[in-house]
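A quick note: this is a predicted structure, and the numbers were derived from the prediction, not measured. What you see below is based on every heavy atom in this structure, not just the backbone, and it leaves out hydrogens, waters and symmetry mates. In listed order, ligands and their atoms are each counted from 1.
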Amino acid sequence: MSLILGIESSCDETAAALVASDRQILAHCLAGQESAHGPYGGVVPEIAARAHVEILPALIEQALAEAGLGLRDVDAIAATAGPGLVGGVMVGLVAAKGLALAAGKPLVAVNHLEGHALSPMLSDPGLAFPYLLLLVSGGHCQLLLVEGLGRYRRLATTIDDAAGEAFDKTAKLLGLGFPGGPAVERSAQGGDAAAVPLPRPLLGSPEPHFSFAGLKSAVLRARESGRYATQDIAASFQQAVVDSLVDRTRRALERVPEATALVVAGGVAANSSVRSALTALASARGLPFIAPPLWLCTDNAAMIAWAGGLRFDAGLTDPLDTPARARWPLDPEAEKVRGAGVKA
Ligand code: KG4
Ligand code: ZN
């Protein structure tokens, strides 16, 4: 059995975790940075990187202390090596390299997207390859067929904004605060989802790609018209996102009859309208719907330790000169789409 220290710092969460290959999570520590970025209405890369530097060493110590372990007890040190905000990625990766060197342990450089893609296996031992993963967060919006460790087929990506980014921008337009997703969801609870006519970008198009930039512009026009209540715009926006996520995921499912389950991960999976619409879609197709617990859906280090452990157990470790990467597609063979790659 292997025990892995995982480190995550690719966006605005600093995290450290200890996870064993039998799925035991011995510790997971996380520090968010909402209050630092809140005044700017979005993540500021330099502020994020500096915050990681300040918090990470104490978080790693805290994780080891919670587990009652020392560095000598771990088998390998895994860190996110990309994709993400490269200043932040460097902070976590350099810390991991330093610890690996000092403790004489191997380094495992983990693709953050692989962390998300494999995290459902940490919470659901029965989940079997291949499964269709809808990864929807502030930085990512992709449909991936997860075929095995290191084997991912990207069926779709966003041609402009990620879904979580659309929530964040809409919240900013509506003056609802940051992070936007939970704020929009709260506001939408009191609103009428049919009140504001909004587009469903790419609905029905044959390729299952996503687009949210046009929707965001329509929200801006609705806001500026002065004709609609904030909660009605929030509810109508949320419904438009749900409709396009469901339509695109349905399209992808048609292409992968071999999928054993529909799985969702990423911060937008916290949205209860999104969850219930996807539950209905999966059950209509006779598939189990799997959503890891929320803390595991959003950025965290347990998913990095878990993916790192699977790689370590497969004999995959990395040299100490492994670079931090702003971009690192999971499926390098995936066809390029307009604007894709910008969001990882
Ligand atoms: O996975 P995550 O923590 O970080 C990355 O972006 O990788 O996802 C954060 C994103 C943000 O855009 C946030 O607005 C969105 O997830 N989000 C939500 C909700 N909670 C978080 N979006 C819609 N509804 C929510 N309840
Ligand atoms: Zn993420």
I need the atoms of ligand 1 closer than 4.0 Å to a non-hydrogen atom of [X], numbered in the order shown.
X	answer
His140	7 (O)
Asp168	11 (C), 12 (O), 13 (C), 14 (O)
Val268	16 (O), 18 (C), 22 (N)
Gly138	5 (C), 6 (O), 8 (O), 9 (C), 10 (C), 12 (O)
Thr298	1 (O), 3 (O)
Phe167	22 (N), 23 (C)

Next on the checklist: Could you go through Thr317 and Arg311, starting from their C-alpha distance and side-chain angles, then the distance that decides it, and tell me whether this counts as side-chain hydrogen bond (donor to acceptor under 3.5 Å, both in side chains)?
Outcome noted: CA-CA 7 Å; Thr317 60; Arg311 295 184 70 80; over 6 Å; no
Item to check | Co-members of Leu59 in a cluster of I, L, V, M, F, W and Y side chains, linked at under 4.5 Å | outcome: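 ILVMFWY cluster around Leu59 also holds Ile55.
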Checklist entry - Considering residues, nucleotides and ligands other than Arg227, do more than 12 of their heavy atoms fall under 6.0 Å from its CZ? => result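 Atom CZ in Arg227 is not packed in, count stays at 12 or less.
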Next on the checklist: Nearest non-hydrogen contact with atom 18 (C) of ligand 1 belongs to which option: Ala265, Gly181, Ala183?
Outcome noted: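 Going through Ala265, Gly181, Ala183 one by one, Gly181 has the nearest heavy atom to atom 18 (C) of ligand 1.
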Next on the checklist: As a check for students: among Asp299, Thr170, Asn271, identify the option with a heavy atom nearest to atom 4 (O) of ligand 1.
Outcome noted: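 It is Asp299 whose heavy atom sits nearest to atom 4 (O) of ligand 1.
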For [Y], is there any backbone N or O sitting under 3.5 Å from a side-chain donor or acceptor partner on [X]?
X	Y	result
Arg248	His209	yes
Ser236	Pro197	no
Lys216	Glu165	no

Checklist entry - Can an N or O of Gly139 be found at a distance shorter than 3.5 Å from an N or O of ligand 1? => result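 Checking ligand 1 against Gly139, an N or O pair does fall under 3.5 Å apart.
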Next on the checklist: Polar contacts were defined as any N/O atom of the residue lying under 3.5 Å from an N/O atom of the ligand; does this apply to Gly164 and ligand 1?
Outcome noted: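 Yes, at least one N or O pair falls under 3.5 Å.
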Checklist entry - Does any non-hydrogen side-chain atom of Ile7 lie less than 4.5 Å from one of Ile60? => result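 With C-beta onward as the side chain, the pair touches.
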Item to check | 4.5 Å side-chain heavy-atom contact, Val108 and Leu316 | outcome: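 Contact flag for Val108/Leu316 side chains = no.
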Item to check | Shortest protein contact, atom 26 (N) of ligand 1 (heavy atom only) | outcome: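 For this ligand atom, the closest protein heavy atom is Glu185 OE1, 2.8 Å.
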Next on the checklist: Students should be able to answer this: which protein heavy-atom is nearest to atom 2 (P) of ligand 1, and at what distance?
Outcome noted: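 The answer is Gly267 N, 3.8 Å.
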Item to check | Closest heavy-atom pair and its distance - Leu173, Val219 | outcome: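 So the minimum-distance heavy-atom pair works out to CD1-CG1, 4.0 Å.
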Item to check | Approximate separation, where rounding is to 0.5 Å, of Asp318 CG and Phe312 CZ | outcome: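 Atom-to-atom, Asp318:CG and Phe312:CZ are 12.0 Å apart.
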Checklist entry - Ignoring water, what protein N, O or S atoms are under 2.8 Å from the Zn ion (ligand 2)? => result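 Less than 2.8 Å away from the Zn ion (ligand 2) sit His112 NE2, His116 NE2, Asp299 OD1.
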Checklist entry - Angle class for the His116/His112 ring planes (parallel below 30°, perpendicular above 60°, tilted otherwise)? => result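 Answer is perpendicular, since the angle exceeds 60°.
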Item to check | Gln238 heavy atom under 4.0 Å from ligand 1 | outcome: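 Outside the 4.0 Å threshold, so no.
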Next on the checklist: So that I can tick it off, tell me whether Glu258 and Arg153 are bridged by a salt bridge, with the cut-off set at under 4.0 angstrom between side-chain N and carboxylate O.
Outcome noted: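 Judged by the 4.0 Å cut-off on N to carboxylate O distance, Arg153 and Glu258 do form a salt bridge.
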